[in-house]
Amino acid sequence: MSLEEIHPNQTDPLCLDHGRYYAQLFAPSVNNDVIMNDVQNMLRVRTEPVEEEGVENSGRLVQPGAGARSSTSLKYNTSETRGVPLPTSSKKLVGRAFEENTKVIWSLLMDDEVSTIGIYGMGGVGKTTILQHIHNELLQRQDICDHVWWVTVSQDFSINRLQNLIAKRLHLDLSSEDDDLHRAAKLSEKLRKKQKWILILDDLWNYFELDEVGIPVLLKGCKLIMTTRSETICLRMACHHKIKVKLLSEGEAWTLFMEKLGRDITLLPEVKGIAKDIAGECAGLPLGIIAVAGSLRGVDDPHEWRNTLNKLRESEFRDIDEKVFRLLRFSYDQLGDLALKQCLLYCALFPEDDMIEREELIGYLIDEGIIKGKRSRGDAFDEGHTMLNRLENVCLLENAKIKYDDIRRVKMHDLIRDMAIRILLENSQGMVKAGAQLKELPDAEEWTENLTRVSLMENMIEEIPSTHSPRCPYLSTLLLCQNRWLGFIADSFFKQLHGLQVLDLSWTGIENLPDSVSDLVSLTALLLKHTNIRHVPSLKKLRALKRLDLSGTQALAKMPQGMECLTNLRYLRMNGCGEKEFPSGILPTLSHLQVFVLEKFTKAPTTVKGKEVGSLRKLETLECHFKGFSDFVEYLRSRDGILSLSTYKILVGKVGRYLEQLMEHFPSKTVGLGNLSINGDRDFQVKFLNGIQGLICECIDARSLCDVLSLENATELERISIRKCHNMESLVSSSWFCSAPPRLPSYNGIFSSLKRFYCYNCESMKKLFPLVLLPNLINLERIEVNECEKMEEIIGTTNEESSTSNSITEVILPKLITLKLSWLPELKSICSAKLICNSLEDISVMSCKKLKRMPICLPLLENGQPSPPPSLKEINAYPKKWWESVVEWEHPNAKDVLRPFVN
């Protein structure tokens with residue numbers, strides 16, 4: 001058995017599912033008068049509403065061809081036509097990123113090929129401040145431009161208004177023109193007469209066509225710079241270059257914090273540690289850091305510092321700066337689409353700093369009806385990913401990754417989360433205490449009648465006693481998941497929650513679901529995954545239920561009653577509760593089911609009847625176990641194939657733990673066959689498995705892979721594992737080649753997607769891949785063949801193959817990384833043709849004593865001598881004497897070149 005095959009990654013996905021980041025939740029309330037007075041000192045003078053992006057920094061601007069100078073010490077010599085310097089004395093640039101961004105912008109300004117530059121990033125991160133400094137420096141650089149114009153666009157956008165703003169900077173009167181087209185013509189004419197100008201459009205919220213406004217495109221010596229929160233705006237404005245302004249690092253945040261606190265202040269050691277924690281709580285957002293540090297000026301008492309930190313960590317939201325909140329609220333309001341707003345607010349229900357799995361979040365959005373009106377679950381997920389992409393593009397969400405993990409996640413910046421929580425708390429409609437380390441349920445007075453959503457996920461609540469019976473008639477969402485120690489909920493708790501629609505108790509220690517849950521007739525989602533649940537009351541009345549998740553509930557020994565009444569169910573995931581066969585009559589009543597996953601946690605898995613699964617016409621995801629091959633065939637025939645399935649993991653026959661482990665790590669469309677007799681059945685209909693990506697065969701009596709599936713449908717196969725199939729003589733039968741000539745020479749792309757192939761303990765196997773199919777294996781990365789006692793050729797020809805195959809003398813396997821051949825006593829040849837495998841990293845040939853030739857061609861140097869493949873790491877060979885004295889390579893000097901790699 002290959003450990004790599006079972007565990008291709010060294011990270012257990014279950015561990016990742018457990019691994020949420022625990023964090024303190026809310027933020028503080030600080031002296032708003034102090035903050036606002038401080039912010040007023042930073043504001044630039046203007047009459048239009050603006051996005052304030054104050055950033056302070058001790059860094060200095062370095063311009064091409066000019067010495068470094070302090071922006072506060074510049075003596076401006078400007079004319080009316082060149083513009084007026086903007087106030088930046090309180091906004092010094094801090095951090096390497098800002099310095100690098102500034103240098104990049106300067107280099108682009110010097111590049112005649114770049115006419116439009118987009119600068120994007122989260123509100124309050126410092127886009128405007130960077131450009132203010134550059135604007136002021138540009139006023140001094142007459143060699144770069146003759147005119148610099150700054151226009152604040154803001155969210156109140158229209159073509160007409162933008163034309164007026166630009167015209168005002170140009171001293172152009174457009175008041176006599178009502179038609180936008182003629183206004184654009186006049187504006188364009190004016191700009192064309194100017195030479196060497198730079199137009200800065202700050203705080204752009206909408207994209208537009210430049211010629212509609214009257215801005216000439218690609219005018220030599222002229223440039224357009226814009227700031228926006230959305231990368232999409234940069235793309236749609238066809239910016240030649242775009243720059244993302246990121247959050248401050250921990251060190252940069254501390255530098256900015258101390259700059260704003262005051263350079264001459266020396267903090268007591270006790271206070272300094274607290275101050276660093278406070279700076280960290282602002283999570284790298286410059287405006288948040290500025291506001292908090294400003295509110296602490298002149299504070300010496302450690303108790304006050306500690307109290308501020310506690311408020312930052314414990315209060316329901318950071319009231320650190322109403323201007324910050326207003327900017328973030330503008331971003332939220334600008335979303336426009338109600339569903340998009342609801343999606344953002346839903347992210348605030350997760351703990352602070354949580355890396356939220358996209359799939360999990362979208363599942364909630366479907367449960368809540370935020371995503372609705374989609375014909376299929378796949379379409380709903382496409383909509384969900386689109387929504388999250390839009391929120392990332394406008395910098396309200398961040399893309400989040402965990403090392404060694406391909407799961408897509410998003411993260412919500414703390415200040416944006418605080419803003420969202422504040423919106424949720426309006427009219428007392430939300431209670432969010434996720435990750436707050438609660439050991440008890442919130443007090444009764446917090447359960448107000450107006451509540452609609454409550455998130456208590458990821459706490460340490462142990463029980464909900466009978467003294468709790470909240471009267472919340474409008475409560476639709478209750479998230480109690482990730483309370484690991486929650487083992488008991490009194491029946492009284494749900495008595496007055498008749499409007500509840502989403503109830504999540506996943507990852508808790510709950511053993512008995514209260515009987516009162518049976519009366520929650522509005523419930524659309526009941527999530528109990530990975531709990532210790534032993535008893536689920538009757539579900540007969542829950543006819544509105546659309547998602548029921550009982551996955552990972554190993555202790556559940558009895559099928560819940562009333563499941564046949566769940567006629568609106570779209571999603572069902574559970575184990576068989578110890579049943580040998582899924583009870584008849586339930587599945588045919590679940591005609592709307594889109595996801596059906598029947599897990600196995602016992603030695604005797606629960607099987608399903610093929611005809612009943614085939615009756616689920618809307619099914620998109622299927623994971624189940626058919627008792628025998630006839631059941632599988634019955635499913636395929638009743639379903640006319642599984643063309644509608646987007647994912648499937650289907651087990652057929654008697655399977656062991658080995659096969660089950662492989663299924664977990666194989667692609668999303670995989671079939672596993674175990675202990676089956678299918679050799680004589682030519683009408684088994686597996687040819688309908690279009691799009692199959694993974695195939696596992698263990699202890700089946702097929703003579704070749706052609707007896708298992710129709711090879712015409714194998715064009716998307718990525719992994720094949722064959723084990724203990726003792727009747728199998730070759731991968732492709734000779735009879736198949738007799739019917740194949742019309743498809744020569746490409747054979748219709750068969751195996752063209754194959755990446756990994758494993759063959760173990762097949763006693764009769766003599767040949768694997770036919771030579772004629774070798775050119776198709778352009779994506780093959782790994783070959784493992786182990787303990788096949790009759791194996792003679794890995795890649796060879798058959799008598800039935802056409803003569804064209806014999807003309808193949810050289811084949812390139814461009815992606816082959818691993819070749820492992822072990823305990824093959826009859827192996828005489830790997831391939832009759834020469835193999836070019838320049839991506840090889842690992843070669844292992846163990847106990848293959850009849851093998852005399854390695855057909856792998858090594859790269860040649862200019863002098864004609866061979867060199868190791870640049871990626872090669874090691875060669876494992878046994879026995880060493882045979883390897884040294886018998887095995888020959890294509891080039892006579894190859895063995896000497898490769899000797900340092902041999903173990």
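The figures here come from the full heavy-atom set of this structure, side chains too, leaving out hydrogens, waters and symmetry mates.
Side-chain N/O atoms of Asn389 and Thr386 include no donor and acceptor closer than 3.5 Å. Counting only N and O atoms by type, the side chains of Glu698 and Asn675 include no donor and acceptor under 3.5 Å apart. Side chains of Thr621 and Thr647: a donor on one and an acceptor on the other come within 3.5 Å. Using modelled atom types, one finds no donor on one side chain facing an acceptor on the other under 3.5 Å when comparing Asn761 with Lys724.
Atom CG of Leu768 sits about 8.0 Å away from atom CD1 of Ile783, to the nearest 0.5 Å. Put simply, CD1 on Ile830 and CG on Leu835 are 8.0 Å apart, with the number rounded to the nearest 0.5 Å. Between Ser822 atom OG and Leu827 atom CG the span is 10.5 Å, to the nearest 0.5 Å. Atom CZ of Arg408 sits about 7.5 Å away from atom CG of Asn399, to the nearest 0.5 Å. Taking OG from Ser752 and CG from Asn776, the interatomic distance works out to 6.0 Å, rounded to the nearest 0.5 Å. Considering CG of Leu705 and SG of Cys725, their distance stands at 9.5 Å, rounded to 0.5 Å.
Between Arg756 and Glu784, no side-chain nitrogen of the basic residue sits less than 4.0 Å from a carboxylate oxygen of the acidic one, so the salt-bridge criterion is not met. Salt bridge status for Glu620 with Arg377: absent, with no side-chain N to carboxylate O gap under 4.0 Å. Arg358 and Glu392 are joined by a salt bridge, as a carboxylate oxygen and a charged side-chain nitrogen come within less than 4.0 angstrom of each other. Salt-bridge annotation for Arg853 and Glu793: absent, with no side-chain N of the basic residue lying under 4.0 Å from a carboxylate O of the acidic one. A salt bridge is absent between Lys834 and Glu810; no separation between the charged side-chain nitrogens and carboxylate oxygens falls under 4.0 Å. By the 4.0 Å N-to-carboxylate-O rule, Glu884 lies too far from Lys895 to be salt-bridged with it.
Closest heavy-atom contact between Leu717 and Gly694: CD2-N, 3.7 Å. Here the shortest heavy-atom pairing between Ser668 and Lys649 reads CA-CE, 4.1 Å. Of all non-hydrogen atoms in Val652 and Gly628, the two that sit nearest each other are CG1-O, 3.6 Å. Residues Cys848 and Leu821 come closest through the heavy atom pair SG-O, 3.8 Å. A pairwise comparison of heavy atoms in Asp896 and Arg899 identifies OD1-NH1, 2.7 Å as the closest pair. The nearest pair of heavy atoms linking Ala400 to Lys411 is CB-CB, 3.9 Å.
Between Ile817 and Ser871, every side-chain heavy-atom pair lies at or beyond the 4.5 Å cut-off. Residues Cys697 and Leu695 meet the side-chain proximity criterion, which asks for heavy atoms closer than 4.5 Å. When side chains are defined from C-beta on, Ser847 does not count as touching Leu824, because their heavy atoms never get closer than 4.5 Å. When side chains are defined from C-beta on, Lys820 counts as touching Thr818, because their heavy atoms get closer than 4.5 Å. Within the 4.5 Å cutoff, side-chain heavy atoms of Glu826 are placed close to those of Lys850. Looking only at side-chain heavy atoms (C-beta outward), Thr670 and Met663 come within less than 4.5 Å of each other. Side-chain contact between Leu819 and Arg782 is absent, with no heavy atoms from C-beta onward closer than 4.5 Å. Taking 4.5 Å as the limit, every side-chain heavy atom of Tyr571 sits out of range of all side-chain heavy atoms of Leu593.
The closest donor-acceptor contact from the side chain of His891 to the backbone of Leu860 lies at 3.5 Å or more, if one exists at all. For the pair Trp883 (side chain) and Tyr878 (backbone), a donor-acceptor distance under 3.5 Å is absent. Distance alone, capped at 3.5 Å, is enough to place a donor-acceptor pair between the Thr606 side chain and the Glu579 backbone. Checked by atom type and distance alone, the side chain of Asn779 never pairs as donor or acceptor with a backbone atom of Lys755 at under 3.5 Å. At least one donor-acceptor pair under 3.5 Å links the side chain of Ser753 to the backbone N or O of Thr715. Using a distance-only test at 3.5 Å, with no hydrogens or angles considered, no donor-acceptor pair links the side chain of Asn876 to the main chain of Met846.
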Discussion item. Checking Glu729 against Lys790 for the salt bridge (charged side-chain N to carboxylate O under 4.0 Å, His left out) test, could you report, in this order, the C-alpha distance in whole Å, the side-chain angles of both residues, the deciding distance, and whether it holds?
Written reply: CA-CA 9 Å; Glu729 297 177 358; Lys790 293 184 180 180; over 6 Å; no
Worksheet entry | Chi angles and distances behind the side chain to side chain contact (heavy atoms under 4.5 Å, CB included) call for Val595, Leu572 | CA-CA 6 Å; Val595 175; Leu572 175 60; over 6 Å; no
Practice prompt. Begin from the C-alpha positions of Lys627 and Glu581 and carry the test salt bridge (charged side-chain N to carboxylate O under 4.0 Å, His left out) through to its verdict.
Written response: CA-CA 9 Å; Lys627 183 178 181 180; Glu581 188 174 279; over 6 Å; no
Practice prompt. List the steps and the verdict of side chain to side chain contact (heavy atoms under 4.5 Å, CB included) for Val732 and Phe769.
Written response: CA-CA 7 Å; Val732 180; Phe769 299 102; over 6 Å; no
Fill in: Stepwise ring-ring contact (aromatic ring centres under 6.0 Å, His included) check, Phe751 with Phe757
CA-CA 10 Å; Phe751 300 140; Phe757 178 82; 8.1 Å; no
Item to complete: Mind running side chain to side chain contact (heavy atoms under 4.5 Å, CB included) on Cys788 and Glu763 for me, showing each step along the way?
Response: CA-CA 5 Å; Cys788 297; Glu763 293 179 354; over 6 Å; no
Fill in: Derivation and outcome, side chain to side chain contact (heavy atoms under 4.5 Å, CB included), residues Asn893 and Gln865
CA-CA 8 Å; Asn893 295 339; Gln865 292 301 307; 2.6 Å; yes
Worksheet item: Please walk me through it: do Glu792 and Lys767 pass salt bridge (charged side-chain N to carboxylate O under 4.0 Å, His left out)?
Response: CA-CA 6 Å; Glu792 297 177 356; Lys767 298 178 181 180; over 6 Å; no
Discussion item. For a salt bridge (charged side-chain N to carboxylate O under 4.0 Å, His left out) check, start with the C-alpha distance between Glu231 and Lys244, then their side-chain angles and the critical distance, and finish with the verdict.
Written reply: CA-CA 8 Å; Glu231 182 182 11; Lys244 182 175 182 179; over 6 Å; no
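In this structure, the ring of Phe596 has its center no less than 6.0 angstrom from the ring center of Tyr648.
With Tyr658 as the aromatic partner, Arg723 meets the cation-pi criteria of under 6.0 angstrom to the ring centre and within 45 degrees of the ring axis. Within the cation-pi definition used here (under 6.0 Å to the ring centroid, within 45° of the axis), Arg719 qualifies as a partner of Phe666.
Between His385 and Phe381, the two ring planes are tilted [angle within 30° to 60°].
Annotation: Lys828, atom NZ; neighbour count of heavy atoms from other residues, nucleotides and ligands within 6.0 Å is above 12.
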